Amino acid sequence: MPSGEYDPDAVEARWQRRWVDDETFAYPEETADPDTAFAIDTPPPTVSGNLHWGHVYGSILQDVVARFHRMNGRDVLYPFGYDDNGIASERLTERELDVRHQDFERREFQRKCREVCREYEADFTEKMQAMGLSIDWNNTYRTISPEVQRVSQLSFIDLYEKGREYREQAPAIWCPECETAISQVETEDDEQDSHFHDIEFAVADSGEGFTISTTRPELLPACVAVFVHPDDDENQHLVGQEATIPLFGHDVPIIADDRVDMETGSGIVMCCTFGDQNDIEWYQAHDLDLRVAIDESGHMTDVAGPYEGMHSSEAREAIVSDLEDEGALLDRRAITHTVNVHERCGVGVEFLVTEQWYVKVLDKREEYLQAGREMDWFPEKMFTRYEHWVEGLQWDWLISRQRSSGIPFPVWYCADCDHEVIAEKDALPVDPLSDDPPVDACPECGHGEFVPEDDVLDTWATSSLTPLINAGWDYDADAGEFTMDRPEIYPIDVRPQGHDIISFWLFHTVIKCYEHTGEVPFESTMINGMVLDENREKMSKSKGNVVDPDAVLEEYPVDAARFWAAGSAIGDDLPYQEKGLRAGEKLIRKLWNASKLVESLAPEPYPAEPDELAELDRWLLAEIDRELERLTEHLENREFSKARDGLRTFFWGTFCDDYLEIAKQREDDSARYTLRTAHRRFLKLFAPLLAHVTEEIWHAEYVDGAADGASDETPAAAESIHLADWPEPLGLEADHDAGELAMAVVGALRKFKSDQQLPLNAPIDVVEVYGDVRGFEDDVTGVMHVGDLRVHPDAEAPVETVTTGIDLDYATVGPAYGGDVPDIEAGIEAGEYELVDGELHVAGHELSPEEFTVETDRQYQGEGDLLEAGDAAVIVRTGD
RNA sequence: GGGCUUGUGGUCUAGCUGGUUAUGACGCGGCCUUUACAAGGCUGAGGUCGGCGGUUCGAACCCGCCCGAGCCCA
């Protein structure tokens, strides 16, 4: 029985333990029907990082969805992934064990990573469980595990066999610090101090001088062309001639191209292989020479002549100084500009021509756009981000990384002819550095030696496979085809994630799974916003405004955090608000206290449905039907805020303030049955939101009935409210208007007492209601302590009505009278109008009755006070 | 610099394809011990809907520009 005060600390921890111990939320493995299976594919968090408030927010929304659909008869698979395959966890391992990954064989080092990550995973698990999320802890995966490595390599091979991957010498974004190619998404911008140099170039034949401005003079030896804008009249005469590079002496063509930015420097620009993205375009468009001056480690090559072997930064200073000696340095000024850097190490990226593996994406943009369109987007507007991302793609997806650890490419090359030899699918996972290729001789040339691929796969190549990992995707060698352990969950019903990762994580996942299975991997995607601090600013360590989940959950119940999280419109950013949590606490308390009252008004044994329900009871149950339908629709549309606020308002106002107050006066089976039915329904409706407190009350009140079959609950409902069925509408006939009016009469009487400074239980002698509240007389009388209630359903109230104004119905008047509306308004305002046979004559127009309403004021001259209750007049007389 | 999103009483928020009285909560003022809850109930005050301009009889809503915030990209 709920008694005393609610103690969330004890209650929440107890249920969290029970849910895990009893495997309450385990996915029923016998599920086979795609219509009953319901799966959520969450992007796995990096376990080496901390759980932050954004995780709390996102996870709660996922959990509300999971619980809602579970109660709606779906077999829910809500798995959890730990992302520990990446540089972050490798660095962590090196730090913790004080080792270098280079000193170990790749597989060996990964074993160490797995060991180190295990404790971090345990910490993550504990915290996720302490939020009471309805995750199936039997269904977890680690992105570094051999099983996932196998899936990653299978994915590589499948795409290779489908002709979606290629290896090519091409300009790639390169980090000279990490000595690896990186993808576009791994770079970020950084404001850095630099210098702008004006350098004197000369035309080869005439010796005429012109100025080139650059921040990177060390690229002079890599210069392969000079560009002038076609609209640049002043310098047009240079086009077609050749320029001589100072210090290095080689001649390059001078070419016109409209990609030149005339506003910067002299408007004449040099093209080097490669300084930036533009250089690559020019290189390709004009078929220029390739002069590579900077090598993979950021040092100068032989192209740089005397500067060979210097680091590019040293070479820059040396070249500037030599230019100055030669008089070719016209100016040098300090500037700050944005530099494209590698997000991991902060070092400026280079563009190098290297041999890399790519996944084709550019050729199927339209198809991938269509794949995105086929998903349901919550909210719909977020699709635009996906759309713009796909339309703006400039590179195929670079998937090779020159790191020594990570998931290896399952590939060897013939030492003689470079023919690619791919691993056998049933041998995966393999590491070419340790394992032998599947053939003894090259199928192409017969050569017997092979060079292993020592690159590893980009971590996104793995992170983008989570739907397949969850569905148990694998290759069946006997059948010669790909299979799934759980085909019923694919495509996955919901993919939740923040709007910050739509462009790469979601995109990569969609296209890879689409290529493997021919199906868009998600039925829907649910985009949550970012969590901001109380001042709507981004949380960041440097600002010191980061909310620590542990500290908050120390102070507030998890259910309060759930209430806060559900206060967001999906897709919008949400500020952390302590008041939001406090409001949650209040609702939890209200639910608890109301449950205590229900318990005392309708104790066990619970009454069966009486033959006839009182009008008020039918009205309440019918109102609950309405709320149930609204709530269900909102949850289906992921309108969490509307769902939450609607249910809260209805419960607090209609059930607690209106119904319960009346029910206190009643002692009949109809009331007892209704209290119990309503209460049981409210618990269920609140269950996805307030997961713990509803479970606690459910167990105190309703599991016995579910267990012994006394109630119409399923046997599973005896285990947990979260396994109970979502309510169906009862469909009772009720007079909605009469009930509404009766509540308005009660409200008016309450206000009357409040205005008169009377206690709410003060008696009232006579109340006359001029409106139809038949069937509710005893309810009004009981709760308001009315001695004599007289209802006049059809009679006119004995009041004088005075016309106080005219209310135009603009929706019809506007279109009908257009520009004359201001005149009509002025006429009414000035009182220059007449009512003739129900028509309004004003400003030369005759308005028909449906175009306006007459505003009236009721005045009562008799004994007692006149109150307004909705449309009805109520007259109150007290015996003073 | 570009794209997307967002800006409503002190704070958070609702507001559908434009219709005139802009929703609710938190906080604030006043009153009320009523069969759970005073962390409750009743009631009141508080808003030029970020700014400017436009379209319209009528704009929180549509259009343009500007400002602030968030995300992604350059």
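Chain naming here is simple, since letters A, B, ... match the order of the sequence lines and numbering starts at 1 in each. Since this is a predicted model, take the numbers as computed values, not measurements.
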Which nucleotide, if any, forms a Watson-Crick or G-U wobble pair with [N], using both distances under 3.5 Å?
| N | result |
| --- | --- |
| B:A25 | B:U11 |
| B:G64 | B:C52 |
| B:C71 | B:G3 |

Which value, in whole Å, describes the distance between the [atom1] atoms of nucleotides [N] and [M]?
| N | M | atom1 | result |
| --- | --- | --- | --- |
| B:U23 | B:G30 | P | 25 Å |
| B:A22 | B:C49 | P | 12 Å |
| B:U20 | B:C37 | P | 43 Å |

Problem - 5'-most by nearest nucleotide on RNA chain B - A:A811 or A:N593 - result: A:A811
Exercise for the section: Give a yes or no on whether a salt bridge exists between A:E661 and A:K664, defined as a side-chain N under 4.0 angstrom from a carboxylate O. Expected result: yes
Handout entry: Mutual orientation of the aromatic rings belonging to A:F227 and A:W282 [parallel < 30°, tilted 30-60°, perpendicular > 60°]
Key = parallel
For [N], does OP1 or OP2 lie under 4.0 Å from any side-chain N or O of [X]?
| X | N | value |
| --- | --- | --- |
| A:K381 | B:U6 | yes |
| A:K590 | B:G41 | yes |
| A:K751 | B:G41 | no |
| A:W652 | B:G41 | yes |
| A:K753 | B:C32 | no |

Handout entry: N/O donor-acceptor pair, side chain A:E661 with base B:A36, under 3.5 angstrom
Key = yes
Handout entry: For atom OH of A:Y817 and atom C1' of B:C57, their distance in whole Å
Key = 13 Å
Exercise for the section: Could you tell me whether the side chain of A:W592 and the main chain of A:G4 form a donor-acceptor pair under 3.5 Å? Expected result: yes
Handout entry: A:Q665, nearest nucleotide to its side chain (from B:U5, B:C12, B:U35)
Key = B:U35
Practice task
Tell me which nucleotide among B:C26, B:C12, B:G3 gets nearest to the side chain of A:R648.
Solution key: B:C26
Handout entry: Atom pair CD/CD1 of A:E696 and A:I588 - distance to nearest 0.5 Å
Key = 12.5 Å
Exercise for the section: Give a yes or no on this: more than 12 heavy atoms of other residues, nucleotides or ligands lie within 6.0 Å of atom CD of A:E578. Expected result: yes
